[in-house]
Structures are given as structure tokens and as C-alpha cells.
Amino acid sequence: LATAGVTWTLVTMFERRQEAKQPYLRVVELNETNTDPAPWGANWPHQFEQYRATAGDRFHGGSSALPDSKLDAHPWLKRLYDGYAFSIDYRKARGHAYMLYDQVVTERVNKKPQSGACLHCHASTTVLYRSVGLADMGKPSDAAALAREFDMPAVRRGFEVLSTKPYHEVLELLTQMPDGTAPGSGTQTFESPPVGGFDPQKMPEGHFEMSEAHPVSCIDCHDPATMGLRITRPGFMQGIAALAASDDEYPQFPSIAKWRRGDRSKPYDPTELASRHEMRSFVCAQCHVEYYCASKDVLVFPWANGLKVEQIEQFWEEKKFPGDSPFFDYLHGETGAPLFKAQHPEFELWSQGVHSRAGVSCADCHMPYERVGGMKLSNHKVQSPLENLNNACQGCHKVSEEDLRYRVAVTQRRTEVLLEQAAAAMTDMLDAIRQAKECGATTDELAAIHPLQRKAMWRLDFISSENSHGFHAAQESARILAESIDYSRRAQAAALKLCAKN
Amino acid sequence: LATAGVTWTLVTMFERRQEAKQPYLRVVELNETNTDPAPWGANWPHQFEQYRATAGDRFHGGSSALPDSKLDAHPWLKRLYDGYAFSIDYRKARGHAYMLYDQVVTERVNKKPQSGACLHCHASTTVLYRSVGLADMGKPSDAAALAREFDMPAVRRGFEVLSTKPYHEVLELLTQMPDGTAPGSGTQTFESPPVGGFDPQKMPEGHFEMSEAHPVSCIDCHDPATMGLRITRPGFMQGIAALAASDDEYPQFPSIAKWRRGDRSKPYDPTELASRHEMRSFVCAQCHVEYYCASKDVLVFPWANGLKVEQIEQFWEEKKFPGDSPFFDYLHGETGAPLFKAQHPEFELWSQGVHSRAGVSCADCHMPYERVGGMKLSNHKVQSPLENLNNACQGCHKVSEEDLRYRVAVTQRRTEVLLEQAAAAMTDMLDAIRQAKECGATTDELAAIHPLQRKAMWRLDFISSENSHGFHAAQESARILAESIDYSRRAQAAALKLCAKN
Amino acid sequence: MIGAFVGLGAFTFGYGKGAAYLSNDPAACANCHVMQSAFDSWQHSGHHHVATCNDCHLAPHPIGKWIVKADNGFFHSLAFTTGNFHEPIQIKPRNRRVTQDACVHCHRDFVHEMLPATRGGDMLDCIHCHRDVGHAQR
Ligand SMILES: [Ca+2]
Ligand SMILES: [Ca+2]
């Protein structure tokens, strides 16, 4: 028995050492058309398996398997979004596996017209962008041209052309692009929605196959030649260049500070300048950010003044639609106020927190290194760090998992309680405005309250649509909610005064 | 079995606690009457020099050298404290050297009657307490009895007797106590206010000499026999025992957790149970805490429900004065609302922050270790850590001073801006209530707003009178201010409605 | 049988550079890849030219030293082989006490004032403040 034990130790030690030494062995050669992750999986089975695991143990499709509705959990959201597509269908996020599926089936897309820009963050789109871009530039866009190089200018051109086109038209184009595997061949990584949709009202018939278009895929974060991280999204290229040109200070992005010290003749280009560590956040900031995206204009990231909630607000306030009409996302159903919609500003909120300031990147927490045999690999099951506290946090924080969980819970709980408080203030405001109308307040008098309402709702939405429940920047989240409460209540007071007057 | 054996040996071996240090070389023997720090200085010149340095390069006395008025810096404080002594004179804190002097000369004491309990935190009072206590218990209280032992029961009794007596009477008694040096002998550690006071209106004549009574002194934190840290303040003994008996969880105080697991037959006693590390915060928590102290009742620390702002508020709401009348600190001058006054809740706010949770004590930051020749000593110039970032922070945080300063500044700036915002909400509330009165609202109608006003002001005061500008618990500070804004604005709305009605 | 055990054991010992537990060479500890990050962070620490692994992780006490070696040697090998251990590796309370003793052993004079006033009194944890002594940038 003892002998067996010793032998086993020996064998294990041998195996582990071998593992430690293995370099990449490329089974399959990749090029710039490989949006299908399966061939990549042949080279890097471990990352591929984890990537697939973002679907959970198995893919959960069908309407009954959609994530919980946020509108049901927080009924005040319906009043916040009144008059906007989000009031129809708005759910919890889930793993990357679902991003395309969930967008294709959401009633926001199927009951309201949406633009092609939506796909910027929900699918592997670079081949499509390049193809349309090359064509628009009058260059060859055959399979060989597509496979050759990434070509950011062409990608950007294609993105601009498609940005304001109708969603379903662009989705259709997307499915026709080469994805590096022969049509019909290869394993299907994720399930498709049932042909015709699981509810015929909800989805146009049989136009969409998950094997022909893919959610974010290896090629969207990695260079197929070097496997280095890279930026593929034109929205981010524009946004981060604008941020670099602003005055706001971000010592956590040293390459921006360096660019600023230079002559600024060329816009800041993350592909050339960003450090490997900065890239560990930038790849995520291609999508987990606030944006405008609808048919009236090209997708835009609003960072020209900085990433703080007020700076983004100011950006939207100063923005004009083409034709110089003032910008807004929607007119509020109850009050008619022009409002801004905040979407998942994870990158922006994180940038205001102490982790960001200390240089802790998204990937550090959401794709932590873990030991696999003798190697350290990044966990490609991108998920909540609470599922994985030991790898995600304990590398830096030498305290128990229980303690870490408690710390997160305290921060999140404070945020959640305050969020409900801000929501109550918001509904009180709407009630008061409604009442003022009944009291006979004039349109002009009521319009004078719109800016307060917009500021209140913008701040409430900013934290409520951010997905960390305040963890990414604890104090900043509370501050933003405090301001939301203040604006809501000031609008309420203004409305009450109208009643008193009339 | 072998394993068990090995483990057992190890455990017993390391169970053997650290050996004690060699006793200090003492030039002067000390006993329990040594409230004058000078003789201690003969033994520990370094700590004594730093202690003296809390006065700055030289002692700044005289009215022209008093610290800046907070009332001038934040005019809204006058409305917050309207009807209360704090609206007369309220200044920035300064070093420990000044605590007795500043209390003796403040107009709060000289224009309004105050109680002896004030001295609990502004002077070295244990000899006085013990003396009065022993006498009250019918025990001998001569010099020998006073010098013999600390005797907490007697100290507590004396404290209770003196707590509600007039301030100047107790101060007079204090100057008559033995302080371990012959009267008139020895160096005077700090200057006295000029005879007759620097402004005769302000101070009773020639009754007070700084060589006869002392601000917090070595004996208040140290056991003169062992130099170990100890608790000397009855207020803290009562408060921490009540906290231990509450349900609120404080894993950062392991000795409380341990006491709770026991049979609770005796109240939690920090002197016996607290670890050395806990004592590094507890000694400060004898004074840097919220309290009630006036002639109507004994000084009390309001921790029986926990240390959170709402738990303390609930404590005051449930408290009755002797005779069963409801408790309040003052009736607001403008509105007549019964209000609670928050004073320097440093310990309470710190307890809600991440440093506290991580076991970082007050002394870690405010009395950090420093190298002195071949020894490592605690810096007894208790001060802002910003004066001393490298010892105070860089041991734990390996980042530049500039970066640390920036982090503190960001947190404090957010708090300060929010504080002004909460103050603006508070003044809007008061204006609206005033207007409602003019509109003819009834006393009952107006009284219905009092609870909202009290909650708003309590929260505003809690953060504004806390001295870290939010640093001790960044998110919690913002949350509390958010709530203050909410309550102020709700009161404002309620008042506006009264106008609309009448 | 016994012979096989001893022989194979000795080989394993040699192959695994199990002599780590007998030698003072830090590289020997890093022989186990799970010790790599501890090794790397030690190399970045201010202590790498004044203290090796064993200076901190073995009791300065002559007998205690061998017991710790035996204990940890046995458990590390077992844990490593079965792969059954918490990652990142966490120091156990008893081993933490060993390092605390080691700090005091070397710095006794300097931290004289921090030692307990009375025998049996508790004292502050050195690594409460000196988080990265021994292992920097973790
Ligand atoms: Ca938006
Ligand atoms: Ca109070």
C-alpha cells in the first residue's frame, strides 16, 4: 500500500511537470474569418470548454428559460422607462453564450424597430463589417481578402454603413458571412431559437441559425496570429480616443497619459499604445459601456468629457442629432420630458472605483487566472466573481471567502436599499407632476421641471442598469443615488409649488 | 495517529505564548495619581516629546489663536443648531494638547450652563472620579488610597455623582486633586489661559491653571505599572458592554464575539477581555464617539442597538429622561422640533468601513510605528495621517504618497460636495416650513413634519460632525447623506402641501 | 516489499527534490510548481537576500524545526499528490504562528517595545502591517 502511494506521488509529480512545460500546439491554422469558435477550440480546448460553459451546464433556450424580468422585480422600472422599448421587456443579463440569442428574441427588438448597431456588442461582427467596408471603399471583399488582415479602417467603414440600417436586415447579412467553417459542417456551439420562434408573434420565421452567426467569440478579443488581446470594436476606438483627448485624469490608463504628453497629431489608438494590462479591461469596455444606438445616428460612446456620470450627461446635453435637433433617447410617456437612457455603464463606474485606481482590471476578477495542472490559464467562463472568490479575489486579499462575501454583500446591500429609496423619490416626483397637470399648470411651467426630472432619472438609471449593484465603485454609486434623490425631490417640490400657485 | 501526535506536539509548542519583554528601565516610579505627564516623560522621553508636540511647534493660546470657526466656514450650521449652544461657538478640532484649554474657553461653556460630564473626555479625570467615588462609597480617599489602585467601581461611582453637577464646580474640584507632582513644582506641560481669561466676559476669573489639571494624559491610556493599554472611562465601559449585549455583528471585535458565545453572566468587560489589538481602537473610542451629556442625565454612549446611524437614532428615540419625559437634545429654534445632536462619531463611522472590517485600528493610522534609533515606537503625536502618510499608510499600501493622497482626496471631496448638497436641502426644508407657518398651518400639522426634520438633521449632523470627511467609511457616509437629503426634501414637500391646502 | 518502499521512496524523494525539506535552497521549494508564486513573490520581496523560506517557515527552535519539517513535508506531499487543497494556498494558523515567531526571532531587539508587557500577553501580528514581507506584490 505504502509503495503504491509513493509510486502514485511519483507519477503525479511527473505528469504535473510535463503539463507545466507544454507550449501551444496548434492543431488548426486560423485566419481573420474564423468567427466560429470551434476550430479555435481544437487548439485551446480548455479555454473553449470554459467559453462554452458560459451557457451553464446546458444551453437554456425557449421563452420559459429566459432570465427573470427586471420589470417584474422592480415595477418602478416601468414608470422610469415609460414610452421607451425597455418598458416592454428588460431582463437580467446572463452568460456570453446567450448574447445573440437573447437579443434576437427580446420583445424590444421584435415589437419595436431597432438598428443594426445593436449587433456591435451582441455578435461576432468583424467579418461583416470588413466585408461591407471594403465594398464601400471599392476594394475587393472576396473570401481571401476577408481572411487576410483585420483592417480597422474597413471595419470602421462597414460599421458606419450598417449602424443605422434596420436590425433584421443587418442580422440577415451577418448570417451570410463566412465564419471559417464550411456551412453545415462543424459542431454547433450554441443552440438556435426554434424555427419560427418559440412564439410566432415574437420572431420572424426561420431566418436565423446560431451556427451561422456567433456571439462574442475568440476572434473578437484575440489576434488569430499571435493570440494577443486586441480591440475589434469601432465604437470603442472612437470612444477611447475621445476620452484620451479630454481633460479628465485617468492615471489607471498609463498609455493615455503617455499619449497626452506627446504631440497628439494622431488620435489615441489602443491597438498600438495600450499595455497588455490595460487591454485586460479594454476588451470588455468594447461592450460593457453606456452608448447611444438607434436609427437616427451612428453608435456612439459618450466619453469626450470623461467617464463620470455628470460628464456623460453633459455630453448628451450638448449632442445634436444630424440636422441639429437636440439629442434625447426618448420622450417620457407620463410627462413628455426628453430623457437619456443609461445602459450597463460597468466600465464607466469601475473607472471611478478604488480597484480601477489600483489598476485592477475586469479580467483580474471576471477571468481570473487559475492553475490547470502546471499552467496558469485565464478562466474563460466569464461570470460573477462570487462564483469563484478564491481565484478572483484571494490572490490579492488574504482573507476568508466568507469575509469577502460579506464585504461584497455589505456594499451591494447599501446600494440596493438606496436604489429603492431613489425609486420611491422618482415615483413621488411623477405623481406630483401628474397632479400639477391636473391642477392646471401650463405646458411651459411643466416643461421647466423637465431638466430636473431628466437629471434624476439619468442618475437612477445609471446605477440601476449598472450590473455590479454598486460594487465596482461603492462610494460613487451612493453619491449618484443621493443626487438622483435630490433631483427627484426638487422636481417634486417644483411641481407642488405649481399646484399651490394655480 | 502519527499525524495526530505531530499536530499535538506542534500545538502545545506554539501555544506557549510570546515571552514578555524586559521591563523598562524606570527613572521614576509611577502610581495611580500621576495625571501630570511630566514624570512619565522622565521614563519615556520620546513619547512625552511627541505628546507635547500635539500642541504644534508651540502652544497657541489666546482668543486670536483659537482654531477657525466651523460656523463661519459653513453658515448653514447656524440654522442646523439654531436654539442650541453649538450655534454660538463651534470650531475645528486640534491636537490633544488643547482639549482642556479649548473647552475652558469655548463660549458654549461660558455663555451656557454645562455639566461636569463634559470633562469625561477633555481632562485627565480618573483621580477625581476615584476620589469622589470612594468618598461616596464611604471608603477612605486619602492620597495613599488614591495612589493604590485604579478601582473601576469607584471611578464609575465618582463619574456618576459628578456627571450632572455644573461644569465649573467640577472643574474646580479637578484642579484640587493630586496629580503626582508637588503643587507648583515640575515643568508646566501646556500653557494656561491668561488669568481672568483673555476676555473677561468669557471666563470666570483666575480659577484655572493648566499645571493643576491636565488634558488626556499617559495615565488615561496606560497602566502605570505595566504600561499596557487600558480603559479608564466609565462612559465607554457602559457603552461597549451594551454593544456586546446587542445583536449587531462586529467580527472586527473578536473578544465581543467570544463573550457572546459564553454565558453572559457578567457584562462584557474590555479590561479583561479585549485583545491588545482591539485596545488600539478602544482607547480612542472612550472619547471619539457620539454621546449625550448635559445636566438632565448621566453621560451615555448610545450603542445598545448597534453602532449604525439608524440604530443610534432608534436608541435616542426610545430613551426617556429620568421622570419619563421623551428624550431630545434641543428644540429647534426655527421650528420647535425636538432634535438629536450628533457629536464626532469617529468610532461609530469607522466601525462601518472597510478598514475596521479588515481589523485596521485607530492607532494603526493615527499613532503609527516609527523607527527611533534601534527601536520601533508608536508616534504619540496623535494627528491627521495625512501629515505622516509613509508610516501611517505605506506599510500596508505599497503605492506612492501622491497616490494615497489622491485616494483620500477623492473620497473626501465626494463627501464634502454631498454634504453641501444635503445642507442646501436642509435649508430649503426650513424655508418651506417657515412658509407653511405663514400660510397658516396649524401647530399639529407642523408637528407632523418634526420626525422628518429630525431624521434629516440627525443624518446631516452625523457626517458633518464626524471628522474624517467621509474617509473612515466612504460608502456609508454617502449613504447617510443621501438619506438626509431624502428626509429634508420629504419634509419640504410635506410643508409645501400644507401651503397648498391652507 | 520494505526494500521496494524504501527504494522507490528514496527515488521519489530525489526526483521530487524532496530534499527541499532538508536543504535551505529556496529553489528546491519551487520545485513543486504550486510553490512557484510563493517563490516568485519571495524573490520580489525585500527579504530575499536576508531570509530563505526556511528562515520564516521553520521554527527557529531546534526540535520544533524538525517537527515542522516532518509535518509540512508529509502534508504537502499528500496534498500535492491528491490535488486536494485550497487554491490559492492559505497558510494554516499554526504555520502563521511559526512565521510570527520567525519575525520576532530576527527582529527581537528592534520590536522590543511591542513584546507583551507581561508573560503570556498577546501581541500584534507583524503581517497585519507588513503584508508583503516575505512575499511582495501578491
Ligand atoms: Ca445610453
Ligand atoms: Ca449626541
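Numbers restart at 1 for each chain; the letters A, B, ... are given by sequence-line order, proteins then strands.
Contact annotation for B/Ser477: neither backbone nor side-chain heavy atoms come within less than 4.5 Å of a heavy atom of chain A. Using a 4.5 Å cut-off between heavy atoms, B/Val417 makes no contact with chain A at all. When heavy atoms are compared at a cutoff of 4.5 Å, A/Arg407 approaches chain B solely by way of its side chain, counted from C-beta outward. Both the backbone and the side chain of B/Asp403 come within contact range of chain A, judged by heavy atoms closer than 4.5 Å. There is no contact between A/Ser488 and chain B, counting heavy-atom distances below 4.5 Å.
Minimum interatomic distance between B/Ala493 and A/Gln492 (heavy atoms only, all atoms of both residues): CB-NE2, 3.7 Å. Shortest non-hydrogen contact noted between B/Ile485 and A/Ala482 is CD1-O, 4.2 Å. Across all non-hydrogen atoms, the minimal contact from B/Glu249 to A/Tyr406 is O-OH, 4.5 Å.
Of the residues considered (A/Gln352, A/Arg479, A/Arg357, A/His397), A/Arg357 shows the highest number of contacts with chain B, using heavy-atom pairs under 4.5 Å. Ranking A/Arg490, A/Arg414, A/Glu476 against chain B, the residue ahead of the rest is A/Arg414, based on heavy-atom pairs under 4.5 Å. Ranked by non-hydrogen atom pairs under 4.5 Å with chain B, the options A/Asp486, A/Asp428, A/Leu418 are led by A/Asp486.
Here NZ of B/Lys497 is found 6.0 Å from CG of A/Leu496. Values are rounded to the nearest 0.5 Å. We find the CD-OG1 distance between B/Gln475 and A/Thr411 to be 5.0 Å, quoted to the nearest 0.5 Å.
In this structure the side chain of A/Gln421 reaches within 4.5 angstrom of the side chain of B/Glu483, judged on heavy atoms.
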